[in-house]
Amino acid sequence: MLELVITLIAVAGGIGLVLLTAAMRVVKQYERGVLFRLGRITGEPRTPGLTLIVPFVDRLHKVNMQIVTLPIPAQEGITRDNVTVRVDAVVYFRVVDPTSALVRVEDYKFAVSQMAQTSLRSIIGKSDLDDLLSNREKLNEGLELMIDSPAVGWGVQIDRVEIKDVSLPDTMKRSMARQAEADRERRARIINADAELQASKKLAEAAQQMSDTPTALQLRLLQTVMAVSAEKNSTLVLPIPVELLHFLERGARDPAPAEETKKEPAPEPAPPVEPVPLSGTPDLDSVTKTPELGALLDQPSSEVR
């Protein structure tokens, strides 16, 4: 009889130990346990640590409360300015209400993924290409609001949404490259023209200053010579400004002071030389003609007696 009692006690102890083992559950720090008793939620979610349930009656579902990183597959769409692009993104979310995440949606991860894809295609259709490339922060905020609105009812909170990459057609990439090159060339020309304008103004001021002080031009010439000679060249080319030649020419043409220079009287013209008659037969070619003799010689020979 005693042996039977001991056997029953041992069997009861074994059954109790098995039941106790079946009733014990461990909830980790980053998890919360939702208890279903006969299909109905009972009490508040179980906190981390050791918890007991009724075996074969209760079901404990553990919900991960960590932030989930969910990549969104690349979505192809047409922007508002009729450009075909492929955009992929990533969503960071976490469960804030484990009961709603289990009861109100079948699979909250799949639901968030589908909602993110739909919202991303909607954002692509409402945005321009320039916004997708340069104004991503604003698009990320809009995409986060679009996903977070329905996710609140699922017990899920969207922490952050980031657009990862925007893929463009090759033809669009070449067009954008040409546009960027043309814009940079335009800015380079404007900067160069502005520099030329400023340099011309400074050169005009320097020329005006040198015209007022001609000695400055000579000093500038000497500075140029020193700059060239400092490079240890075997041949020295000495430029002579035209203004310097004009200055030297003007100095050479300046009249001397009146008190230093005295004008000499002009010489009187010499008296005319009287013709001298020659002995013998005069030579008409060698004798100076007088008016009377010229008139006589000009008459015809028949009139001369």
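Here the structure is a predicted model, which means the values were calculated and not measured.
Between Gln75 and Val87 there is no side-chain heavy-atom pair separated by less than 4.5 Å. You'll find the side chain of Phe36 reaches within 4.5 Å of the side chain of Leu102, heavy atoms only. The closest side-chain heavy-atom distance from Glu76 to Thr84 is below 4.5 Å. A 4.5 Å side-chain heavy-atom check between Pro98 and Val34 finds at least one atom pair inside the cut-off. In this structure, Arg37 and Val54 have side chains that are in contact, with non-hydrogen atoms separated by less than 4.5 Å. Contact check for Leu35 versus Ile41: no side-chain heavy atoms found under the 4.5 Å cut-off. In this structure the side chain of Met146 reaches within 4.5 angstrom of the side chain of Ile123, judged on heavy atoms. No side-chain heavy atom of Asp88 sits less than 4.5 Å from a side-chain heavy atom of Pro73.
Placement of Tyr30 and Val26 in two distinct hydrophobic clusters is found when ILVMFWY residues are connected by side-chain heavy-atom separations under 4.5 Å, directly or transitively. The cluster map of Ile, Leu, Val, Met, Phe, Trp and Tyr, joined by side-chain heavy atoms under 4.5 Å apart, puts Val166 and Met172 in the same cluster. Ile158 and Phe110 are not part of a single hydrophobic cluster, where members link through side-chain heavy atoms under 4.5 Å apart. Linking ILVMFWY side-chain heavy atoms closer than 4.5 Å, directly or via other members, places Val95 and Tyr92 in two distinct hydrophobic clusters. Under the 4.5 Å side-chain heavy-atom criterion for Ile, Leu, Val, Met, Phe, Trp and Tyr, Val85 and Met176 are members of the same hydrophobic cluster.
Among residue pairs with one or both ends in residues 172-190, those qualifying as salt bridge (Lys or Arg N to Asp or Glu O under 4.0 Å) are Asp183-Arg186, Asp183-Arg187, Glu185-Arg189; sequence neighbours excluded. Within the structure, salt bridge (Lys or Arg N to Asp or Glu O under 4.0 Å) contacts touching residues 112-121 (residues at least two apart or in different chains) do not occur.
Looking at residues two or more places apart in sequence or on another chain, you find no side-chain contact (heavy atoms from CB on, under 4.5 Å) involving Glu141.
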Residue pair Val96, Val156: steps toward the side-chain contact (heavy atoms from CB on, under 4.5 Å) verdict: CA-CA 6 Å; Val96 294; Val156 177; over 6 Å; no
Mind running side-chain contact (heavy atoms from CB on, under 4.5 Å) on Ile53 and Met24 for me, showing each step along the way? CA-CA 7 Å; Ile53 63 174; Met24 289 189 304; over 6 Å; no
Take Leu50 and Val27 through the test side-chain contact (heavy atoms from CB on, under 4.5 Å) and record every step on the way to the result. CA-CA 6 Å; Leu50 180 63; Val27 180; over 6 Å; no
Please test Ile147 against Val161 for side-chain contact (heavy atoms from CB on, under 4.5 Å), starting from the C-alpha separation and ending with a verdict. CA-CA 9 Å; Ile147 301 175; Val161 181; 4.2 Å; yes
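Lys138 and Asp131 are not joined by a salt bridge, as no carboxylate oxygen comes within less than 4.0 angstrom of a charged side-chain nitrogen.
Atoms CD1 and CZ, on Ile163 and Arg136 in that order, are 6.5 Å from each other to the nearest 0.5 Å. Taking CG of Leu129 as the reference point, atom CD1 of Ile78 lies at 13.0 Å (rounded to 0.5 Å). Rounding to the nearest 0.5 Å places CD of Glu162 at 11.0 Å from CD1 of Ile72. Ser175 OG to Gln179 CD: the interatomic distance, rounded to the nearest 0.5 Å, is 8.5 Å. To the nearest 0.5 Å, the span separating CD on Glu144 from CG on Asp148 amounts to 6.5 Å. With rounding to the nearest 0.5 Å, the separation of CZ in Arg94 from CD in Gln157 is 4.5 Å.
The local environment of CD in Gln66 is crowded, with over 12 non-hydrogen atoms from other residues, nucleotides or ligands closer than 6.0 Å. Enclosure of atom CG in Leu19 by more than 12 non-hydrogen atoms of other residues, nucleotides or ligands within 6.0 angstrom is indicated. Around CD of Gln114, the count of heavy atoms belonging to other residues, nucleotides or ligands within 6.0 Å exceeds 12. Residue Lys62 qualifies as enclosed at atom NZ: its count of foreign heavy atoms under 6.0 Å is above 12.
The nearest pair of heavy atoms linking Ala111 to Trp154 is CB-CZ3, 3.6 Å. Contact record, Pro45 with Thr99: CG-OG1, 3.8 Å, taken as the closest heavy-atom pair. Taking both residues in full, the closest heavy atoms of Gly153 and Ser100 are given as O-CB, 4.3 Å, listed atom of the first, atom of the second, then distance. Here the shortest heavy-atom pairing between Arg46 and Leu52 reads NH1-O, 3.2 Å. Between Lys28 and Pro48, the closest heavy-atom pair is O-CB, 3.4 Å.
Of the possible donor and acceptor atoms, one in the side chain of Ser134 sits under 3.5 Å from a partner among the backbone N and O of Asp130. Checking side-chain atoms of Arg25 against main-chain N and O of Ala22 turns up a donor-acceptor pair under 3.5 Å. Distance alone, capped at 3.5 Å, places no donor-acceptor pair between the Ser122 side chain and the Thr118 backbone.
Checked against Leu132 for a side-chain contact (heavy atoms from CB on, under 4.5 Å), the options Val83, Leu168, Leu139 give a single hit: Leu139.
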